[in-house]
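Below you'll find the structure, written out as structure tokens, and then a few comments.
To find a chain, count down the sequence lines: A is the first, B the second, and so on, and within it residues start at 1.
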Protein chains: 2
Amino acid sequence: MGTSLRPAHIDFPAPARPDPNHADCRGVASVLSRVGDKWSVFVIMMLSDGPKRFNELKRMINGISQRMLTLTLRGLERDGLVTRTIFPTIPPRVDYELTDLGRGLSQPVEALGKWAKDHLVQIEAARSQFDERNDR
Amino acid sequence: MGTSLRPAHIDFPAPARPDPNHADCRGVASVLSRVGDKWSVFVIMMLSDGPKRFNELKRMINGISQRMLTLTLRGLERDGLVTRTIFPTIPPRVDYELTDLGRGLSQPVEALGKWAKDHLVQIEAARSQFDERNDR
DNA sequence: CAGCATCCAAGACGATACTG
DNA sequence: CAGTATCGTCTTGGATGCTG
């Protein structure tokens with residue numbers, strides 16, 4: 001496989017002398033980075049109103065490649081946020097569904113999504129202001 | 001500079017025919033990906049109890065390289081979440097501080113952080129279970 | 001239909017060296 | 001102290017072609 005299910009950039013270098021402030025940050029970061037993954041967020045949102053099939057998701061999430069959808073679903077499955085159910089029919093059918101854990105996560109995620117939506121204009125304004133000052 | 005302030009992977013391919021479901025997702029994703037960035041989260045958390053200097057942050061966030069701290073701070077500044085104040089003293093001194101926007105963001109972020117902390121054990125259990133089933 | 005394997009380009013990141 | 005510049009390495013992710 002071309003890409004690992006355990007991304008490297010969320011692993012942490014152990015501090016020489018552990019700073020009490022960050023004792024448990026290592027693990028938290030790895031959870032947050034799943035949320036930061038744009039595809040994961042979309043998949044979670046798409047699944048929040050019931051189970052979906054692979055190609056169904058692919059169609060709903062415009063622009064995702066098959067590879068990334070597979071990878072994203074595996075990641076979510078690995079984290080126990082999504083279940084994968086295979087129906088041994090012909091043609092094969094696979095349903096993806098949020099677990100209880102996944103449904104729990106989707107709440108704070110949507111809170112954050114709401115914040116993002118509400119402040120998107122401000123942020124984009126800040127960005128173009130910043131860019132204009134610095135581009136040239 | 002080696003790395004852009006505007007990461008490519010958060011840009012979206014425009015849908016052939018815009019799906020009403022995703023009309024405003026493009027922008028939201030770019031905000032979420034800032035949150036998903038582990039360094040950004042740590043910086044925001046470190047700054048949530050008052051302004052800090054560059055090397056002060058560097059020491060608090062164990063394992064971050066100078067380069068990444070600079071890049072992260074620039075990203076946060078660009079998004080209007082952090083202000084950068086230069087004191088033209090010798091040696092130079094630069095303070096970073098959360099803006100109102102930044103403080104607003106830190107709330108849902110901490111809610112998510114709390115969720116992550118509360119369910120970390122479950123997630124890590126799910127991960128090792130999944131890995132054990134599939135590794136071999 | 002669902003998905004794995006392979007190839008390849010673009011980008012992210014760390015290490016190092018240098019500056020006002 | 002607080003950066004910038006540059007280099008080399010690793011990861012990411014799209015495209016394509018092949019299977020049960």
Side-chain angles (χ1 to χ4, degrees), chain A residues 1-14 29-30 33-34 36-40 42-43 51-78 82-97 134, chain B residues 1-14 29-30 33-34 36-40 42-43 51-78 82-97 134:
Chain A
M1 186 179 299
T3 306
S4 169
L5 240 39
R6 294 98 126 179
H9 61 281
I10 59 177
D11 289 334
F12 252 72
S30 78
S33 88
R34 172 141 313 297
D37 180 30
K38 76 176 176 199
W39 298 130
S40 295
F42 285 122
V43 168
K52 301 268 176 301
R53 301 180 55 173
F54 185 87
N55 276 345
E56 205 173 347
L57 284 170
K58 187 161 178 339
R59 271 188 303 272
M60 296 180 78
I61 305 177
N62 213 299
I64 193 171
S65 65
Q66 189 192 46
R67 181 186 143 78
M68 287 319 291
L69 181 53
T70 303
L71 245 36
T72 302
L73 286 168
R74 285 301 172 284
L76 293 170
E77 192 193 353
R78 180 167 110 96
V82 158
T83 57
R84 178 164 176 269
T85 314
I86 308 172
F87 300 89
T89 57
I90 297 183
R93 168 195 179 123
V94 180
D95 274 14
Y96 292 92
E97 184 171 12
N134 279 23
Chain B
M1 185 179 301
T3 306
S4 170
L5 240 37
R6 295 95 127 181
H9 60 281
I10 60 175
D11 290 335
F12 251 71
S30 78
S33 86
R34 172 140 315 295
D37 180 31
K38 78 175 172 197
W39 299 130
S40 296
F42 285 125
V43 169
K52 300 269 177 300
R53 300 180 57 173
F54 186 87
N55 275 345
E56 204 173 349
L57 284 169
K58 187 160 177 342
R59 269 188 304 271
M60 296 180 78
I61 306 176
N62 212 299
I64 193 170
S65 65
Q66 191 188 44
R67 180 186 143 79
M68 287 319 290
L69 181 54
T70 303
L71 246 35
T72 302
L73 287 168
R74 286 298 174 283
L76 292 171
E77 192 192 353
R78 181 167 110 97
V82 158
T83 56
R84 179 164 175 267
T85 314
I86 308 173
F87 299 89
T89 57
I90 296 182
R93 170 198 176 118
V94 180
D95 273 15
Y96 292 91
E97 185 171 12
N134 280 19

Would you indicate whether the side-chain heavy atoms of [Y] and [X] approach each other to under 4.5 Å?
X: B/Gln66; Y: B/Phe54; result: yes
X: A/Leu5; Y: B/Asn134; result: no
X: A/Thr70; Y: A/Arg67; result: no

Does a nitrogen or oxygen in the side chain of B/Arg84 sit under 4.0 Å from OP1 or OP2 of D/dG3? yes
Any A/Arg53 side-chain N or O less than 4.0 Å from OP1/OP2 of C/dA2: yes
Separation of atom [atom1] in [X] from atom [atom2] in [N], rounded to whole Å:
X: A/Lys58; N: C/dC4; atom1: NZ; atom2: P; value: 15 Å
X: B/Leu71; N: C/dC13; atom1: CG; atom2: P; value: 8 Å
X: A/Leu5; N: D/dT11; atom1: CG; atom2: P; value: 14 Å
X: B/Ile86; N: D/dA2; atom1: CD1; atom2: C1'; value: 10 Å
X: A/Leu73; N: C/dC4; atom1: CG; atom2: C1'; value: 14 Å
X: B/Arg59; N: D/dA2; atom1: CZ; atom2: C1'; value: 12 Å
X: A/Ile61; N: D/dG13; atom1: CD1; atom2: P; value: 14 Å
X: A/Leu69; N: C/dC1; atom1: CG; atom2: P; value: 14 Å

DNA chain C nearest-nucleotide lookup for B/Asp37 and A/Phe54: closer to the 5′ end is A/Phe54
With sequence neighbours left out, write down each residue that passes side-chain hydrogen bond (donor to acceptor under 3.5 Å, both in side chains) with A/Asp95, or none if nothing qualifies. A/Arg93
Taken in chain and number order and not counting sequence neighbours, the residues that satisfy side-chain hydrogen bond (donor to acceptor under 3.5 Å, both in side chains) with B/Ser40 are B/Arg34, B/Asp37
Strictly under 3.5 Å: I want the nitrogen or oxygen pairs between protein and nucleotides 14-18 of chain D, one per line.
residue	atom	partner	partner atom	Å
D/dG14	OP2	A/Ser65	OG	2.7
D/dG14	N7	A/Arg67	NE	3.3

Could you pull out the closest heavy-atom pair between [X] and [Y], with the gap in Å?
X: A/Ser65; Y: A/Lys58; result: C-CE, 4.4 Å
X: B/Ser30; Y: B/Ser33; result: O-OG, 3.3 Å
X: B/Leu76; Y: B/Val43; result: CD1-CG1, 3.6 Å

How bent is the helix from C/dC1-D/dG20 to C/dG20-D/dC1, measuring the angle between the end axes built from five pairs each, rounded to 10°? 50°
Who are the salt bridge (Lys or Arg N to Asp or Glu O under 4.0 Å) partners of A/Arg74, not counting sequence neighbours? none
Which residues pass the side-chain contact (heavy atoms from CB on, under 4.5 Å) test with A/Ile86, not counting sequence neighbours? A/Arg84, A/Val94
By side-chain contact (heavy atoms from CB on, under 4.5 Å), which residues pair with A/Pro92, not counting sequence neighbours? none
With the threshold set at under 4.0 Å for non-hydrogen atoms, list the residues of residues 87-96 of chain A touching DNA chain C in residue-number order. A/Pro91, A/Pro92, A/Val94, A/Tyr96
